[in-house]
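Here's a structure for you.
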Amino acid sequence: MNRVAEIIEQLELLPHPEGGYYKEVYRSEMEVQSPVHGLQRNSLTHIYFLLGKGQFSRFHMVSHDEVWNFYEGEPLVLILFDGETVQELELGSGCSDGYTAVVPAGVWQAAYSTGDYSLVGCSVAPGFDFEDFQFMENEQNIQRLSSQFPHLKTYI
């Protein structure tokens, strides 16, 4: 069994709608009011997230801050797009960006593994809810990103 299949089985990961595999491993019982939309959310959630070779997390946005932590495998590239500029961070062993990155609320994000796989953890506060998640479908954002950064078209 290869390492990707082993991790999927060991951690009981499921396919994620944005790509790759995931499993929620923590959802706080404490609830807070979101400063973004005023709805009640768990105060914190955490998932394992795995991207194998050739897989990627397509551009999406979360309404709250998200912290990425690198665990295992080859470095992961996290791409951030704030509507104007693109920032590419590389997380992992020996990477200048280290093992942790923060995606501020409302910033578009995508990711891919630079090798056979990357296993990371993602924490969201206030906690993740699919109602607070959206794929990049706005034609203006897609056009801007595609024309200014053509190498990122794959991740839209």
Side-chain angles (χ1 to χ4, degrees), residues 1-32 34 36 41-82 86-137 141-142 145-146 149-156:
M1 179 183 300
N2 70 27
R3 184 63 182 142
V4 171
E6 187 178 289
I7 292 170
I8 291 169
E9 182 179 311
Q10 177 187 5
L11 299 178
E12 300 175 343
L13 303 180
L14 301 170
H16 196 291
E18 74 194 45
Y21 298 89
Y22 82 109
K23 180 177 183 180
E24 183 175 273
V25 293
Y26 180 74
R27 181 169 289 273
S28 175
E29 292 183 19
M30 183 186 310
E31 289 191 349
V32 296
S34 166
V36 175
R41 294 291 182 252
N42 302 89
S43 62
L44 177 72
T45 56
H46 184 77
I47 64 168
Y48 292 133
F49 186 63
L50 174 71
L51 289 173
K53 186 174 190 159
Q55 294 180 322
F56 57 89
S57 165
R58 29 185 290 232
F59 270 104
H60 64 283
M61 181 190 298
V62 178
S63 297
H64 303 110
D65 292 346
E66 182 169 7
V67 179
W68 289 64
N69 294 289
F70 180 85
Y71 295 143
E72 176 184 324
E74 299 299 319
L76 175 110
V77 174
L78 182 59
I79 307 164
L80 309 180
F81 177 60
D82 65 6
V86 167
Q87 182 180 13
E88 294 186 44
L89 305 172
E90 192 170 28
L91 305 179
S93 181
C95 296
S96 61
D97 295 309
Y99 291 89
T100 301
V102 176
V103 179
V107 171
W108 295 103
Q109 58 182 299
Y112 64 90
S113 178
T114 62
D116 289 335
Y117 73 95
S118 300
L119 177 64
V120 298
C122 299
S123 301
V124 178
F128 181 82
D129 188 300
F130 273 105
E131 289 182 19
D132 304 331
F133 172 95
Q134 62 180 306
F135 286 116
M136 184 179 283
E137 296 174 343
N141 280 331
I142 292 171
L145 189 61
S146 297
F149 308 98
H151 69 288
L152 300 179
K153 279 184 180 180
T154 302
Y155 309 107
I156 297 175

Subject >> Y71 atom OH, neighbour heavy-atom count above 12 within 6.0 Å >> reply: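 Yes, the 6.0 Å shell around OH holds more than 12 heavy atoms from other groups.
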
Original post:
Going by atom types alone, do Y117 and Q55 pair a side-chain donor with an acceptor below 3.5 Å?
Top reply: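 Q55 and Y117 do not have a side-chain donor-acceptor pair below 3.5 Å.
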
**OP:** Applying side chain to side chain contact (heavy atoms under 4.5 Å, CB included), run through V107 and M61 and close with a yes or a no.
**Re:** CA-CA 6 Å; V107 171; M61 181 190 298; over 6 Å; no

Subject >> From S57 atom OG to L50 atom CG, the distance as rounded to the nearest 0.5 Å >> reply: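 Answer for the OG-CG pair, S57 versus L50, is 12.0 Å.
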
Original post:
If you look at every heavy atom in W68 and A111, which pair is closest and at what distance?
Top reply: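 The answer is CH2-CB, 3.9 Å.
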
Original post:
Quick one: which of F128, F133, W108 gives a ring-ring contact (aromatic ring centres under 6.0 Å, His included) with H60?
Top reply: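 Going through F128, F133, W108 one by one, the ring-ring contact (aromatic ring centres under 6.0 Å, His included) with H60 is satisfied by F133 alone.
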
**OP:** For the pair S118 (side chain) and G73 (backbone), establish whether a donor and an acceptor sit closer than 3.5 Å, ignoring hydrogens and angles.
**Re:**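 No, S118 side chain to G73 backbone: no donor-acceptor pair under 3.5 Å.
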
Original post:
For S63 and A105, which heavy atoms make the closest approach, and how far apart are they?
Top reply: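 Nearest heavy atoms, S63 then A105: O-CB, 3.2 Å.
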
**OP:** Determine the minimum heavy-atom distance between S93 and Y99, stating which atoms define it.
**Re:**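 Heavy atoms of S93 and Y99 come nearest at CA-OH, 3.3 Å.
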
Original post:
What heavy-atom pair brings S113 and G52 nearest, and what distance separates the two atoms?
Top reply: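 The answer is CB-O, 4.4 Å.
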
Original post:
If you round to the nearest 0.5 Å, how far is CG of N69 from CG of L76?
Top reply: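 Nearest 0.5 Å value for the CG-CG distance: 11.5 Å.
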
**OP:** Output, in order, the C-alpha distance, side-chain angles, deciding distance and verdict of side chain to side chain contact (heavy atoms under 4.5 Å, CB included) for V4 and I7.
**Re:** CA-CA 5 Å; V4 171; I7 292 170; 5.9 Å; no

**OP:** Would you please test L80 and V86 for side chain to side chain contact (heavy atoms under 4.5 Å, CB included) and show each step?
**Re:** CA-CA 6 Å; L80 309 180; V86 167; over 6 Å; no

**OP:** Specify the closest pair of heavy atoms between K23 and L11, including all atoms of both residues, with the distance to one decimal.
**Re:**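 The answer is CD-O, 3.0 Å.
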
Original post:
What are the two closest heavy atoms between D116 and E74, and how far apart are they?
Top reply: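 For D116 versus E74, the nearest heavy atoms are N-CG, 3.8 Å.
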
Original post:
Is there a donor-acceptor contact under 3.5 Å from the side chain of D65 to the main chain of P104?
Top reply: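 Answer holds: no.
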
Original post:
Can you list the steps and then say if V124 with V62 is a side chain to side chain contact (heavy atoms under 4.5 Å, CB included)?
Top reply: CA-CA 9 Å; V124 178; V62 178; 4.1 Å; yes

Original post:
What distance separates Q109 CD from L89 CG, expressed to the nearest 0.5 Å?
Top reply: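 Answer for the CD-CG pair, Q109 versus L89, is 11.0 Å.
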
**OP:** Run through Y21, Y48, F49 and flag the one making a ring-ring contact (aromatic ring centres under 6.0 Å, His included) with H16.
**Re:**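 By the ring-ring contact (aromatic ring centres under 6.0 Å, His included) criterion, H16 pairs with just one of Y21, Y48, F49: F49.
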
Original post:
Judged by modelled atom types alone, do S28 and N42 share a side-chain donor-acceptor pair under 3.5 Å?
Top reply: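 Side-chain D/A pair, S28 to N42: absent.
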
